[in-house]
Amino acid sequence: MTRPTLLIHDLASAVSPAGKGPQRGREEFGKLEVHSPASIAVSGERILAVGPPEEVLRDFPPQKNTRTVDGRGKSAVPGLVDCHTHAVFLGSRADEFELRCRGATYEEIQASGGGILSTVEATRRGTQQELEAALERHLDWMLCCGTTTAEVKSGYGLDRETELRMLRAIREVDQRHPVDLHPTFLGAHTVSPEFEDARGYLGFVIREVLPAAAELARAADIFVERGSFEVPEARPYLAACREHGLVLRMHADQFSERGALPLALEMGARSADHLESTSDEGARLLARSDTAAVLLPGCGLFLGLPNPPVKLLVEEGAIIALATDFNPGSSFCSSLPVVMNLGCTRLGLTPAQALAACTVNAAYVLGLHQQIGRLAPGYRADILLLDDPDWRYLAYHLGGDHIAARVKSGREVR
Ligand code: NIG
Ligand code: FE
């Protein structure tokens, strides 16, 4: 019999998205498997069993070296998965935040040389050690709020050296930080200041940066938007990224709908992210595909953007994930529970849908839905113990201090 290394016993409840794959459609999206009361047995990095305390105890009695954790009065949910972040950057955009509070728009600031380019300037000046330290600080904030796996994009270098330095920083920090990292190459965040136009810049990226970046990243992303990249430029770029074996992602329809979604589907992108300007027609198209809709309500709140067509996406069966979009400009928010609250209060999701969107569906975006995002035997033991018997406090208590303990790959962290 497999010996448990960790036993969390007598929980008020253990709550997990039900089923195997990502959840989609009105019937399935937000369906939960609830054990109440519950115990969880873990062996090494994996979950052995989740179920009624007496059954778990009978099947997996604690041994000499089993660590036991008292779950009384607490609920457990899977560790949260943040599938869209820009968590490696240097510098601050607090001054721009204030300008926006005074009425300037994000796009105006961007057009006058601020925005993404001001973070590019600060990030280019940093050493790899400084980038790693900044990323670690940001990951500490995220872990504190329950994130146990995060995607992190490059995209504040826009030159060969800095883009690769960012990706190396992600790889290095992944070795030592409890949060598991998934690097995405976002060399196509916006046109580099050294280049006249988008076409010339993307040609340089394809020739000079992509081959090395593809060794360090798992996915590639592009910002399709006015002032950044248009569809005819994005198509050959994404094709080149795909040839290098990268999964495709896209910042789509953030400020305007300009053909990003049809392109995402044509290229078989894993996700289309933002969608604040997506039409009903676009939503229907996306919902019929296996490309996930990644919604970023922290960004919507920060920039005062309209909501994506969430009701239609849910009803038509889209695979919906929620993420922070954590970055210094459009979403300085590192908390997935805050995003879950916004998913409920602003986008009309139920708490259970918000949980699925930050666990199993976000794991799908990273290609990890068979490994993480559920509390079930065989899954990685990424577990949050919440300080309340009702797990919905995670979404309900806006800005609350919810988490009593975090288990990452079977070990209690911080
Ligand atoms: O997802 N839209 C483009 N990129 C980021 C913002 C990056 C920044 O402002 O630094 C986003 O919102
Ligand atoms: Fe983003």
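Just follow the structure's listing: the first ligand is 1, and inside any ligand the first atom is 1. If you read the sequence from its start, that first residue is 1, and numbering goes on from there.
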- [ ] Using the side chain to side chain contact (heavy atoms under 4.5 Å, CB included) rule, take Gln353 and Phe29 through it: C-alpha gap first, then chi angles, then the decisive distance, then the call.
- [x] CA-CA 6 Å; Gln353 288 172 337; Phe29 181 39; 3.7 Å; yes
Task: Flag side-chain contact, heavy atom, 4.5 Å: Ser192 against Asp159 - done: no
Task: Atom CZ of Arg226: over 12 foreign heavy atoms under 6.0 Å - done: yes
Task: Partners passing ring pair (Phe, Tyr, Trp, His ring centres under 6.0 Å) against Phe60 (at least two apart in sequence or in another chain) - done: none
Open item on the list: If the condition is side-chain contact (heavy atoms from CB on, under 4.5 Å), which residues does Arg392 pass it with, not counting sequence neighbours?
Closed with: Pro351, Asp390
TODO: To the nearest 0.5 angstrom, please state how far the CG atom of Asn307 sits from the OG1 atom of Thr278.
DONE: 12.0 Å
Open item on the list: Parallel, tilted or perpendicular, judged at 30° and 60°: which one describes the rings of His402 and His397?
Closed with: perpendicular
Task: Test side chain to side chain donor-acceptor pair (under 3.5 Å) applied to His86 and Asp325, Asn327, Thr324, the passing residue - done: Asp325
Open item on the list: Restricting to distances shorter than 2.8 Å, give the number of protein N, O or S atoms close to the Fe ion (ligand 2).
Closed with: 4
- [ ] For this output row, return yes or no: ring centroids of Phe195 and Phe204 closer than 6.0 angstrom.
- [x] yes
May I have the N/O to N/O pairs between ligand 1 and the protein that fall below 3.5 Å, each with atom names and distance to one decimal?
residue: ligand 1; atom: 1 (O); partner: His86; partner atom: NE2; Å: 3.4
residue: ligand 1; atom: 1 (O); partner: His251; partner atom: NE2; Å: 3.0
residue: ligand 1; atom: 1 (O); partner: His274; partner atom: NE2; Å: 2.9
residue: ligand 1; atom: 1 (O); partner: Asp325; partner atom: OD1; Å: 2.9
residue: ligand 1; atom: 1 (O); partner: Asp325; partner atom: OD2; Å: 2.9
residue: ligand 1; atom: 2 (N); partner: Gln254; partner atom: OE1; Å: 2.6
residue: ligand 1; atom: 4 (N); partner: His189; partner atom: NE2; Å: 2.8
residue: ligand 1; atom: 9 (O); partner: Arg93; partner atom: NH2; Å: 2.8
residue: ligand 1; atom: 9 (O); partner: Tyr106; partner atom: OH; Å: 2.4
residue: ligand 1; atom: 10 (O); partner: Arg93; partner atom: NH1; Å: 3.0
residue: ligand 1; atom: 10 (O); partner: Arg93; partner atom: NH2; Å: 3.3
residue: ligand 1; atom: 10 (O); partner: Tyr156; partner atom: OH; Å: 2.6
residue: ligand 1; atom: 12 (O); partner: Gln254; partner atom: NE2; Å: 3.4
residue: ligand 1; atom: 12 (O); partner: Asp325; partner atom: OD2; Å: 3.0
residue: ligand 1; atom: 12 (O); partner: Ser330; partner atom: OG; Å: 2.5

